[in-house]
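Okay, so here's the structure we're looking at.
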Amino acid sequence: MTRYVLTAGLACALALPAIGAAQSSAQPTGKPQTTKPETAKPQPSTQAPAGSKAASGLAAADQAFAKQAAAGGMAEVDLGKLAATKATNADVKQFGQRMVDDHGKANDELKSWASQKNVNLPSDLDAKHKAEHARLEKLSGEAFDRAYMTSMVADHNKDVADFQRESKAAKDPDLKAWATKTLPTLQDHQKSAKEISAKVHGGAAKTGAAKKPAK
């Protein structure tokens with residue numbers, strides 16, 4: 001009887017590993033992975049609609065004016081220094097120094113405004129004004145005086161028009177106040193430039209010639 005029990009127990013022990021292997025092979029090794037379809041995320045537009053505000057919160061037109069005014073102001077100072085040293089006519093030389101002083105002050109005020117508004121202004125002359133500097137630098141004597149004053153008349157005609165528009169249309173109140181404050185100085189520059197230009201081009205000699213006394 002004891003021998004029979006031992007034989008049956010040994011058979012059961014040998015059968016258990018085979019049953020376990022069969023059960024493990026029947027079960028899945030892991031959960032099936034499901035992939036969700038990717039949906040394209042909308043990309044923000046990099047172009048702002050017309051009349052919108054830029055990253056600094058300022059109207060695009062105000063920023064454009066400020067950058068243009070900064071570039072023009074630097075050019076006036078640069079060419080003014082050139083005139084103060086190269087001009088032969090005393091009025092032209094004095095006008096050049098005035099450009100250095102007046103536009104230098106206006107430039108500093110504009111830089112202060114830009115710093116408060118987080119606006120990046122140009123820090124160097126653009127290609128157009130560099131070319132103008134190079135052209136005038138090659139001239140001397142009366143030729144320089146005439147060319148410089150002709151340039152100043154054209155520049156200030158444009159400046160006055162731009163500042164007149166901005167003094168009325170600017171959205172930023174501080175920029176509007178600065179344009180309004182600076183405008184009279186530019187108008188005075190414009191008037192002086194026209195008068196001096198007429199002199200160096202011979203206009204004053206023609207219009208201001210004294211009449212001969214009657215005999």
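This is a predicted model, so every value here is computed, not measured. These values consider heavy atoms only, across backbone and side chains, with no hydrogens, waters or symmetry-generated copies.
Checked against ring-ring contact (aromatic ring centres under 6.0 Å, His included), H129 has no partners two or more places apart in sequence or in another chain. Listed by chain and number, the residues in a ring-ring contact (aromatic ring centres under 6.0 Å, His included) with F163 are F65, W178 (sequence neighbours excluded). Under the salt bridge (charged side-chain N to carboxylate O under 4.0 Å, His left out) criterion, D78 pairs with no residue at all, not counting sequence neighbours. Taking D91 as the reference, K199 meet the salt bridge (charged side-chain N to carboxylate O under 4.0 Å, His left out) condition, with sequence neighbours excluded. For K81, the side chain to side chain contact (heavy atoms under 4.5 Å, CB included) partners at least two apart in sequence or on another chain are V77, V100. Remark: E137 engages no residue in a salt bridge (charged side-chain N to carboxylate O under 4.0 Å, His left out) (not counting sequence neighbours).
Contact detail for H201 and R146: the closest heavy-atom pair is CE1-O, 3.4 Å.
At most 12 non-hydrogen atoms from other residues, nucleotides or ligands lie less than 6.0 angstrom from CG of N120. The local environment of CD in E109 is crowded, with over 12 non-hydrogen atoms from other residues, nucleotides or ligands closer than 6.0 Å. Remark: E142 CD is loosely packed, at most 12 non-hydrogen atoms of other residues, nucleotides or ligands lying under 6.0 Å away.
With salt bridges taken as basic N to acidic carboxylate O contacts below 4.0 Å, none links D62 and K176. A salt bridge links K130 with D124: the closest approach of a Lys/Arg side-chain nitrogen to an acidic carboxylate oxygen falls below 4.0 angstrom. Checked for salt-bridge contact, E195 and K191 meet the test: a charged N lies under 4.0 Å from a carboxylate O.
Taken to the nearest 0.5 Å, the OG1 atom of T180 stands 9.0 Å off from the CG atom of L175. To the nearest 0.5 Å, atoms CG (D188) and CG (L183) are separated by 11.0 Å. Taking CD of Q94 as the reference point, atom CG of N89 lies at 10.0 Å (rounded to 0.5 Å).
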Evaluation steps, side chain to side chain contact (heavy atoms under 4.5 Å, CB included), between E132 and L79: CA-CA 9 Å; E132 180 67 359; L79 296 181; 4.0 Å; yes

I'd like to know whether R98 forms a salt bridge (charged side-chain N to carboxylate O under 4.0 Å, His left out) with D101, so could you lay out the CA-CA distance, the side-chain angles of the two residues, the decisive distance to 0.1 Å, and finally the verdict. CA-CA 5 Å; R98 186 181 178 191; D101 297 338; over 6 Å; no

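T182 places no side-chain N or O within 3.5 Å of a backbone atom of A179 that could act as its donor or acceptor partner. With hydrogens and angles ignored, the 3.5 Å screen pairs a side-chain donor or acceptor of K93 with a backbone N or O of A87. Counting only distance, with no hydrogens or angles, the side chain of S115 and the backbone of K111 share no donor-acceptor pair below 3.5 Å.
The aromatic rings of H189 and H103 sit tilted, their planes meeting at an angle between 30° and 60°.
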